[in-house]
Amino acid sequence: MPSSSGLEGPLWRSLAVFRFASLAYVGVLVLRDGGQYAHPVAAGGVLLGMLAWSGVTTAGYRRPAGRRRPLLLADLLVVLAIILATPWVVGRPALAAGVPVLTSAWIGGPVLAWAVAGGRRWGTVAALVLGAADLATRDPINPSAFTGAILLLLAGVVVGHVARLAVEAEARLQRAVELEAATRERERLARDIHDSVLQVLSLVRRRGADLDGEAAELARLAGEQEAALRSLIGRAGAAPERGGDNRDLRDLLDRYASGQVQVAAPATPVPLPARAAGELAAAVGAALDNVTRHAGGRAWVLIEDEEETVTVSVRDEGPGIPDGRLAEAAAQGRLGVAQSIRGRVADLGGDVRIVSAPGAGTEIELTVPRSRRR
């Protein structure tokens, strides 16, 4: 069932107006045709019951907590009971002579309520139930009765569709507001940090780069923290991703950014299923560990978001991997590349490509599909 939203409120208020307006029309019909009823006193009692129930449903549907299955089901059953009582109250001879049924247009109330609460499907179900019950009370069934049932069905479908569009529009509007607020907060935070912390870290990094000993180490650490902080404020205030179990791959790979590792990512989110994003990030971490142990120096991580696949490239400026070295390492039981990288990506249905030459560095390209290959 769609959640209640601000754009749904007018629909529920319109439903309350419809109930009382259609009830007034029923009252006019009862006054006009009451002399032909088999039990006119009972018809007056039913009319008072319809008035009371209109008040109950209006008060109940006013609150989002009341727009739930119990009240919706009770609404349907009450109107269904009045429809089934019509042959006794009005009398079959009067119905055969063309006297309108007791519910008349008021029958549409539950159909519209179900459509607003649950969309087209719920509106269709309510319309079919009440329409079938209404036709069952007719003997004979005339064309106007069929026309009323068809109009009831169309009302359920159309109003349900409009209600669904209202919920989706509300969600998009809320998302746009969140993104705008996040962008403003990110820009404000970036300005504040740039004017204070980043300038200090940058100064320490530049001044200590030419020194020796602990000062040089301090400069290196300041450079790493500067890079990590710049990456952090690039995501600060971003609105949370919606869509179930998807994760933004950028957030997982940003944690590897430092003075030695530069992460380049698209400006927009790179969503992947949570498990796939975690495994791909772990494979990238394993590749960066190999860079630290065997290559040293700087490394670059590039995220490429394509329609069907996501590719992450890890490149370093180390001495490269000699021919046959990976096979030799696997034979010796050192399975870092074979299991931590190739194994993880293979489990996701992806591919790993390693390009390396002595003295020219190494590039590891990890490609995974957005959905598991079969």
Side-chain angles (χ1 to χ4, degrees), residues 1-27 29 46 49-86 100-138 141 143-175:
M1 182 185 302
S3 59
S4 299
S5 66
L7 294 181
E8 274 188 295
L11 294 177
W12 290 106
R13 290 191 291 271
S14 299
L15 174 59
V17 173
F18 170 82
R19 279 185 181 274
F20 285 102
S22 60
L23 182 59
Y25 176 66
V26 171
L29 294 180
V46 171
M50 293 166 66
L51 176 62
W53 185 247
S54 296
V56 170
T57 54
T58 298
Y61 292 145
R62 182 177 300 171
R63 299 174 295 105
R67 304 164 190 169
R68 305 294 181 185
R69 290 183 178 88
L71 183 56
L72 290 167
L73 184 59
D75 195 6
L76 185 69
L77 292 178
V78 166
V79 177
L80 182 62
I82 296 174
I83 293 174
L84 297 178
T86 296
V101 295
L102 282 176
T103 52
S104 187
W106 196 73
I107 192 177
V111 174
L112 299 180
W114 279 53
V116 173
R120 296 187 300 270
R121 293 181 180 178
W122 283 42
T124 300
V125 169
L128 291 176
V129 171
L130 296 182
D134 181 61
L135 291 176
T137 63
R138 313 280 186 143
I141 299 176
S144 63
F146 271 115
T147 301
I150 294 299
L151 291 176
L152 197 64
L153 180 61
L154 291 176
V157 173
V158 173
V159 173
H161 181 65
V162 171
R164 176 67 65 176
L165 291 179
V167 173
E168 294 177 354
E170 180 75 5
R172 291 193 183 99
L173 178 61
Q174 182 63 27
R175 178 63 174 165

Solution key, residues 126-133 side-chain donor-acceptor pairs under 3.5 Å, sequence neighbours excluded:
none

Heavy-atom side-chain proximity of [X] to [Y] below 4.5 angstrom:
X: Val26; Y: Leu102; result: no
X: Ile107; Y: Ile83; result: yes
X: Phe146; Y: Arg138; result: no

Exercise: identify the closest heavy-atom pair between [X] and [Y]:
X: Ser54; Y: Trp106; answer: OG-NE1, 3.1 Å
X: Tyr25; Y: Ser104; answer: CE2-OG, 3.3 Å
X: Gly108; Y: Leu152; answer: CA-CD1, 3.7 Å
X: Gly156; Y: Val111; answer: CA-CG1, 3.7 Å
X: Leu15; Y: Gly109; answer: CD1-O, 3.6 Å

Taking only residues two or more places apart in sequence, or in another chain, which ones meet [X] in a side-chain hydrogen bond (donor to acceptor under 3.5 Å, both in side chains)?
X: Thr58; value: none
X: Thr57; value: Arg19
X: Trp114; value: none

Self-check item: Which residues share a side-chain contact (heavy atoms from CB on, under 4.5 Å) with Leu154, sequence neighbours left out
Solution: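 With sequence neighbours excluded, Leu154 shows a side-chain contact (heavy atoms from CB on, under 4.5 Å) to Ile150, given in chain and number order.
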Quiz item: Considering residues at least two apart in sequence or located in another chain, which fulfil the side-chain contact (heavy atoms from CB on, under 4.5 Å) criterion with Val78?
Solution: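 side-chain contact (heavy atoms from CB on, under 4.5 Å) check on Val78 returns Trp53, Ile82.
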Exercise. Measure the spacing between CG of Asp134 and CG of Leu80 and express it to the nearest 0.5 Å.
Key: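 Answer rounded to 0.5 Å: 10.5 Å.
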Quiz item: Out of curiosity, Arg67 CZ to Arg62 CZ, how far, rounded to the nearest 0.5 Å?
Solution: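 These two atoms lie 10.5 Å from each other.
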Quiz prompt | Residue pairs, two or more places apart or on separate chains, that pass side chain to side chain donor-acceptor pair (under 3.5 Å) and touch residues 150-161 | solution =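 Of all non-adjacent pairs touching residues 150-161, those that pass side chain to side chain donor-acceptor pair (under 3.5 Å) are Arg120-His161.
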Self-check item: side chain to side chain contact (heavy atoms under 4.5 Å, CB included) evaluation trace for Trp122 with Val116
Solution: CA-CA 9 Å; Trp122 283 42; Val116 173; over 6 Å; no
Quiz item: side chain to side chain contact (heavy atoms under 4.5 Å, CB included) with Tyr61: which of Leu71, Leu11, Val56?
Solution: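 Checked Leu71, Leu11, Val56 against Tyr61; only one passes side chain to side chain contact (heavy atoms under 4.5 Å, CB included): Leu71.
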